Amino acid sequence: MAEPAIKRNDESYKIVDEGIDKGIARLSPEKIEQVINKVLAAETGARLKTYVETCVHCGLCSEACHYYLSHDNDPKFSPAGKVKQTIWEILKRKGKVDPEFIRDASRIASTECNLCRRCAMYCPFGIDIAYLMSVVRRLCHMLGVTQLYIQDTAHSHSATLNQMWVKEDEWIDTLFWQEEEAQDEISSLRIPIEKEGSEIFYSVIAPEPKFRAQLIYQAAVIMNAAGVDFTMPATPGWDNSDQCMFTGDYEMMGRLKKAHFETAMRLKVKRIVMGECGHAFRSVYDVGNRWLAWKMPPIPVTHAVEFYYELLKQGKIKIAKKYDKPVTFQDPCNIIRGKGLHEKARYVVEALCEEFIEMHPNREHNYCCCAGGGVINTGPQYKMKRIKGNRIKAEQLFATKTRGAKVIIAPCHNCHGGIEDILHHHGLDMELHFLGDIIYKVMEKPV
Amino acid sequence: MHDIYNFVSGPLVWVSFIIFFGGSLYRLISMAVLARKKDVFVYEYMSLKFGLRSILHWIIPFGTVKWRKNPLFTIVTFTFHICIIFIPIFLSAHIILWKESWGISWWYISDTAADVLAIVVIASCIFFLVRRIVLPEVKYLTSISDYVILAIVAAPFITGFWTYHQWPGFKVMGIIHIVAGEIMLAAIPFTRLIHMIFFPFTRGYMGSEFGAIRHAKDW
Ligand code: SF4
Ligand code: SF4
Ligand code: SF4
């Protein structure tokens with residue numbers, strides 16, 4: 001009959017995380033009860049209540065979740081199973097839970113759910129499990145219990161308005177440096193900084209200047225070749241990423257998005273075009289703007305996939321020779337279930353590549369990479385968890401490889417992180433690229 | 001016994017209908033008020049077009065990927081849900097009662113058809129019960145209340161079937177049948193059976209978010 005909600009004997013429990021340990025040590029049952037009830041009363045309402053009361057405990061959502069599928073259908077990893085272990089218990093006990101309960105709740109909501117929203121397409125009632133898990137994360141944040149690594153990025157956001165502690169001069173230097181490098185290839189190339197009245201503000205996530213500066217180089221080449229009137233700001237606000245959205249630090253999320261939108265306003269651009277990142281798009285287009293009470297972003301936001309689609313469709317980029325290795329495409333949830341860019345992405349892929357092989361399932365039904373929703377940002381301790389939690393992705397990729405695909409295109413930074421780990425762990429010999437990588441390779445470039 | 005019969009088939013019917021309609025209305029209104037107060041953006045994002053689009057896909061058998069992936073469940077759940085609404089409304093015995101007390105009547109199904117459909121409902125309930133016990137992912141979510149709810153739904157059909165066939169003690173069973181139906185009706189607003197009332201709103205909202213904001217399908 002009724003099974004206990006919490007089982008504490010699984011291996012993930014042994015993961016050492018200082019952020020969690022120290023946070024838990026500071027808690028007392030009284031404090032937990034007080035914080036939980038305060039947050040629930042102030043911030044939740046009809047949605048939480050209706051979702052909890054409408055759920056008929058049917059388990060139909062289970063097969064939506066890659067964690068569940070990858071753990072041999074272990075019910076603890078099913079979407080509603082995660083709600084049972086967290087929200088249902090919290091409500092049933094009216095917030096009277098102990099610190100160890102919070103430890104488990106944080107583990108479940110922050111490292112065993114990517115907020116990918118696939119389950120909303122499998123629950124007949126459209127119960128939003130991702131929202132319910134976000135509520136748990138918010139509670140943990142308010143209790144000061146967040147994984148150390150992702151909390152560090154949240155601190156960086158709050159101190160520098162970017163995710164990677166990039167200092168202002170480093171940012172500007174990086175842009176100059178990439179401009180100079182690219183000028184070796186295209187002598188007339190510019191990365192216009194602070195150009196007021198430009199058509200486009202090109203925004204990136206902080207890991208680009210920090211670790212993957214060549215992406216800025218490639219974007220500059222594409223922009224220049226297509227004759228796009230763009231600019232990048234010299235001030236904080238250039239970073240579109242947002243780990244605070246994932247830790248439940250919504251006040252900080254609001255500050256970040258405000259800085260981002262205000263930078264666009266200050267530069268008097270017509271729209272923001274963002275690099276190939278899924279979570280940043282979710283923050284700018286869907287979540288952050290709402291916190292600031294904007295129904296839709298106050299300034300149009302275009303994801304790279306859609307932008308490339310425009311450039312190719314309008315003939316602003318010409319293809320010199322199509323990419324000849326057979327490719328497959330990873331549909332990132334945040335821009336597919338988040339913006340429906342799947343057909344445009346396919347247009348782009350087919351325009352660039354000779355052979356395109358679909359993975360299955362695909363489009364809205366693709367499996368998440370298991371890195372998103374801030375899970376990869378919880379740190380290296382959780383890496384094996386992500387890999388084990390997405391065996392189904394390895395199987396999906398392997399099946400696609402068997403059908404001939406040699407290259408995976410994933411227009412999302414997190415997907416790259418997640419898929420790279422999966423490929424490496426399973427010895428799956430496939431290349432992984434951004435769309436920008438491929439465009440850069442196959443396009444006609446000015447000299 | 002006659003007094004009891006008169007009581008359950010008279011005033012209690014009224015009570016159960018009042019609880020059902022009043023309770024459902026209360027739940028709907030209080031949800032709407034709470035949403036207005038705490039989740040006001042729900043009103044902003046709710047879209048008639050995309051909400052209905054999603055609902056339509058989900059109420060058509062095999063209209064969604066999920067339904068297509070689980071054909072047996074889909075067939076059972078659709079027949080079950082259609083039957084439990086259809087049978088009580090179009091059963092000749094019920095219509096006679098309505099005609100006697102309120103002077104209204106409409107088309108009804110033959111007794112044999114009703115008999116078969118009642119068996120279908122009872123079999124579906126057994127299917128749901130077995131599913132709850134056997135499938136680990138369902139068992140994990142199941143609490144005692146889920147069995148109680150299942151029993152509340154199955155009871156009117158089992159007792160009705162019994163009474164119709166005039167099995168031993170059918171007179172008492174007839175009274176139990178009426179009470180069971182009334183309990184079921186009254187339980188809808190105050191148990192998870194409320195999913196019947198809330199479905200269009202939860203599904204419609206997800207359909208609106210997916211359709212209007214995210215330009216994607218949610219089925
Ligand atoms: S990871 Fe995705 S499918 Fe699984 S519970 Fe979270 S949102 Fe649902
Ligand atoms: S969330 Fe939906 S699919 Fe999952 S158990 Fe609840 S009602 Fe069923
Ligand atoms: S990383 Fe990509 S697939 Fe994974 S959650 Fe983000 S958008 Fe989705």
Side-chain angles (χ1 to χ4, degrees), chain A residues 1-3 5 41-64 68 73-78 80-81 83-85 88 117 120-128 285-286 290 293 295-296 334-342 361 363-365, chain B residues 27 30-42 44-45 54 58-59 64-67 69-70 73 77 128 131-133 135-147 149 191-195 197-199 201-207 209-211 213-219:
Chain A
M1 217 167 261
E3 293 204 5
E43 299 179 13
T44 65
R47 272 192 309 160
L48 182 75
K49 195 166 149 56
T50 309
Y51 287 149
V52 170
E53 289 171 6
T54 304
C55 173
V56 288
H57 306 174
C58 63
L60 291 179
C61 50
S62 307
E63 65 171 328
Y68 171 82
N73 299 354
D74 181 341
K76 288 201 297 301
F77 291 94
S78 75
V83 183
K84 165 178 168 144
Q85 296 169 76
W88 293 357
R117 299 183 181 130
M121 306 192 306
Y122 287 74
C123 165
F125 301 95
I127 289 175
D128 194 347
Y285 177 76
D286 191 338
R290 294 187 188 196
K295 181 175 174 184
M296 297 305 282
N334 282 321
I335 59 166
I336 306 302
R337 282 192 284 285
K339 184 63 181 14
L341 295 183
H342 39 282
R363 296 180 169 84
E364 284 104 333
H365 288 269
Chain B
R27 292 298 307 271
S30 63
M31 178 184 76
V33 170
L34 187 61
R36 185 47 88 197
K37 228 164 61 190
K38 305 292 287 297
D39 306 84
V40 68
F41 66 89
V42 164
E44 290 297 320
Y45 291 108
S54 174
W58 281 94
I59 58 169
T64 67
V65 169
K66 176 69 204 173
W67 293 145
K69 282 185 117 174
N70 306 65
F73 182 86
T77 196
F128 291 135
R131 208 177 156 267
R132 279 215 183 279
I133 297 169
L135 294 186
E137 77 271 25
V138 194
K139 189 172 172 218
Y140 184 66
L141 300 174
T142 298
S143 54
I144 295 175
S145 62
D146 294 297
Y147 293 111
I149 291 170
T191 60
R192 271 192 293 287
L193 294 175
I194 192 75
H195 70 268
I197 309 282
F198 282 165
F199 167 77
F201 299 93
T202 53
R203 184 80 259 164
Y205 181 64
M206 193 44 84
E209 283 266 13
F210 264 71
I213 313 293
R214 304 185 186 134
H215 308 282
K217 299 183 297 197
D218 64 332
W219 56 83

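Below, chain A is the first sequence line, B the second, and so on; all start at residue 1. Everything numeric in this text was worked out from a predicted model, so none of it was measured.
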Which portion of B/F128 sits near chain A, non-hydrogen atoms under 4.5 angstrom: neither
Whether B/R132 side chain and A/H57 backbone form a donor-acceptor pair below 3.5 Å: yes
Against chain A, work out which of B/E44, B/K37, B/R36 has the most heavy-atom pairs shorter than 4.5 Å and name it. B/E44
Return the option, out of B/W58, B/F41, B/F198, with the maximum number of heavy-atom pairs under 4.5 Å with chain A. B/W58
A/K295 backbone acceptor or donor facing B/Y45 side chain under 3.5 Å: yes
How long is the straight-line distance from CG of B/L135 back to OG of A/S62, given to the nearest 0.5 Å? 9.0 Å
Validate the cation-pi geometry between A/K76 and B/Y140: distance from NZ or CZ to the six-membered ring centre under 6.0 Å, angle to the ring axis within 45°. no
Of the backbone (N, CA, C, O) and the side chain (C-beta and beyond), which part of B/I213 lies under 4.5 Å from a heavy atom of chain A, both, or neither? both
Distance, nearest 0.5 Å, that separates NZ of A/K339 from NE2 of B/H215: 4.5 Å
pair B/W219-A/E364: side-chain heavy atoms closer than 4.5 Å: no
Is A/A64 in contact with chain B via its backbone, its side chain, both, or neither, using a 4.5 Å heavy-atom distance? neither
Does NZ or CZ of B/R214 fall inside the cone over A/Y285's six-membered ring, less than 6.0 Å from its centre and within 45° of the axis? no
Residue from B/M206, B/H195, B/M31, B/R203 scoring the most non-hydrogen pairs under 4.5 Å with chain A is B/R203
For the interface with chain B, which of A/S78, A/A293, A/C123, A/P361 has the highest count of heavy-atom pairs at distances below 4.5 Å? A/C123
Using non-hydrogen atoms only, which part of A/L60 is less than 4.5 Å away from chain B: side chain, backbone, both, or neither? both
In plain terms, say whether A/R290 and B/E209 are close enough for a salt bridge, that is, a side-chain N and a carboxylate O under 4.0 Å apart. yes
Within this structure, what is the CG-SG distance for the pair B/L141 and A/C55, rounded to the nearest 0.5 Å? 6.5 Å
Toward chain B, the part of A/R363 with a non-hydrogen atom under 4.5 Å: neither
Between NZ of B/K38 and NZ of A/K49, what distance do you get to the nearest 0.5 Å? 11.5 Å
Using the salt bridge (Lys or Arg N to Asp or Glu O under 4.0 Å) rule, take A/E63 and B/K69 through it: C-alpha gap first, then chi angles, then the decisive distance, then the call. CA-CA 10 Å; A/E63 65 171 328; B/K69 282 185 117 174; 3.8 Å; yes
Which one, A/G59, A/G340, A/P124, leads in non-hydrogen pairs under 4.5 Å with chain B? A/P124
Sub-3.5 Å donor-acceptor pair from the side chain of B/K66 to the main-chain atoms of A/M121, do we have one? no
Below 4.5 Å from any heavy atom of chain A, which atoms of B/F199 appear? Answer side chain, backbone, both or neither. both
Go through B/D218, B/D39, B/V33 and name the one with the most non-hydrogen pairs under 4.5 angstrom from chain A. B/D39
What residue in A/D286, A/I336, A/L341, A/I127 has the most heavy-atom pairs under 4.5 Å with chain B? A/D286
Honestly, the part of A/D128 sitting under 4.5 Å from a heavy atom of chain B is both
When rounded to the nearest 0.5 angstrom, what distance separates CG in B/L34 from OG1 in A/T50? 7.5 Å
Could you tell me which of B/R131, B/R27, B/E137 has the largest number of non-hydrogen atom pairs under 4.5 Å with chain A? B/E137
Side chain, backbone, both or neither: which part of B/F201 has an atom under 4.5 Å from a heavy atom of chain A? neither
Proximity breakdown for A/D74 and chain B, heavy-atom pairs closer than 4.5 Å: neither
